[in-house]
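Everything on this sheet refers to the single structure shown next.
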Amino acid sequence: MRKARPAAFSPMQIRLHWIVAALVVFQFLFNAPMRWTWEAQQRGEDPGFSLLAWLHVAVGLVIGLLVIWRIVLRFTHGTPGPISPLDTGEKSLAQFVATETQVFLLFALFVVPASGAVAWFKGIPLAGALHSDLKLLILALVGVHVLGALAHKFVLRDGLMERMRLPRD
């Protein structure tokens, strides 16, 4: 028997969503020192100590752990079903895109920190290349995710975005 879907995301799922989002923005805004440090190491130079490079590593590891937590919560708590007025009971193309975007985004948000950690701690350039290349995938997936959320807010006006706000007591 299939477990019923919850009516809402749990407060922890919502918090983790926004914390990971903020940390990902931080990573994109402050990745240059990490790139400079990595490139210097690859050229055989001593880049010296860079607090921002190490902060990038630490934040990446935190993102990876938080994403694992989010995935565990998806399996243990579940996720609310679609609320779109376009919902006919069958999975629409929009629902397919939304679901797959979320799945691939969680996957990428795990693989990018993992590949970065392998590159950084094991010195494997191929892992560094994967880490760098997958940044573009994350940007694309975040773009689709945000566009979908904005479409629900301003076009469909179906209240979907309210599910990612913490309830006010």
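Computed from a predicted structure; not experimentally measured.
In this structure, Leu160 CG and Leu150 CG are separated by 11.5 Å, a value rounded to the nearest 0.5 Å. The structure places CE of Met161 at 7.0 Å from CZ of Phe154, a figure rounded to the nearest 0.5 Å. Atom-to-atom distance recorded for Leu73:CG and Leu66:CG is 10.5 Å, nearest 0.5 angstrom. The line from CG of Leu61 to CG of Leu65 is 7.0 Å long, rounded to the nearest 0.5 Å. Atoms CZ and CG, from Arg163 and Asp158 in turn, are 8.5 Å apart once rounded to the nearest 0.5 Å.
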Expected list for residues 18-28: side-chain donor-acceptor pairs under 3.5 angstrom, two or more places apart:
{"residue": "Trp18", "atom": "NE1", "partner": "Met164", "partner atom": "O", "Å": "2.7"}
{"residue": "Gln27", "atom": "OE1", "partner": "His56", "partner atom": "ND1", "Å": "3.4"}
{"residue": "Gln27", "atom": "NE2", "partner": "His56", "partner atom": "O", "Å": "2.9"}

For a quick test of your reading: what N or O donor-acceptor pairs under 3.5 Å do the side chains of residues 100-122 make, sequence neighbours left out?
{"residue": "Thr101", "atom": "OG1", "partner": "Val97", "partner atom": "O", "Å": "2.6"}
{"residue": "Ser115", "atom": "OG", "partner": "Val111", "partner atom": "O", "Å": "3.0"}
{"residue": "Ser115", "atom": "OG", "partner": "Val112", "partner atom": "O", "Å": "3.0"}

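Minimum heavy-atom separation, Pro125 to Gln42: CG-OE1, 3.5 Å. Across all non-hydrogen atoms, the minimal contact from Gln41 to Pro47 is CG-CG, 3.7 Å.
In this view, Phe49 and Leu51, Trp54 satisfy the side chain to side chain contact (heavy atoms under 4.5 Å, CB included) rule, not counting sequence neighbours. Listed by chain and residue number, Lys135 satisfy the side chain to side chain contact (heavy atoms under 4.5 Å, CB included) test with Ser132 (two or more places apart in sequence, or in another chain).
Leu126 and Met34 fall into different hydrophobic clusters, where Ile, Leu, Val, Met, Phe, Trp and Tyr side chains are chained together by heavy-atom contacts under 4.5 Å. Follow the hydrophobic side-chain contacts under 4.5 Å out from Ile138 and you never reach Val57; the two are in separate clusters. Val62 and Ile68 fall within the same hydrophobic cluster, defined by Ile, Leu, Val, Met, Phe, Trp and Tyr side-chain heavy atoms under 4.5 Å apart, directly or through other members. Hydrophobic cluster membership differs between Val146 and Phe9, with clusters built from Ile, Leu, Val, Met, Phe, Trp and Tyr side chains linked at under 4.5 angstrom. Under the 4.5 Å side-chain heavy-atom criterion for Ile, Leu, Val, Met, Phe, Trp and Tyr, Val144 and Leu136 are members of distinct hydrophobic clusters.
For residues 44-72, every residue pair satisfying the salt bridge (Lys or Arg N to Asp or Glu O under 4.0 Å) rule, not counting sequence neighbours, is listed here: Arg43-Glu45.
Cluster partners of Trp36: none. The rule joins Ile, Leu, Val, Met, Phe, Trp and Tyr whenever side-chain heavy atoms lie under 4.5 Å apart, and it links nothing here.
Looking at Leu55 and Phe30, their side chains never come closer than 4.5 Å, going by heavy atoms from C-beta outward. Here the side chains of Trp69 and Met12 are in contact, with some heavy-atom distance below 4.5 Å.
Within a 6.0 Å sphere centred on CZ of Arg157, heavy atoms belonging to other residues, nucleotides or ligands number 12 at most.
At distances below 3.5 Å, at least one donor-acceptor pair connects side-chain atoms of Gln13 with backbone N or O atoms of Ser10.
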Evaluation steps, side chain to side chain contact (heavy atoms under 4.5 Å, CB included), between Glu162 and His152: CA-CA 10 Å; Glu162 295 304 311; His152 278 278; over 6 Å; no
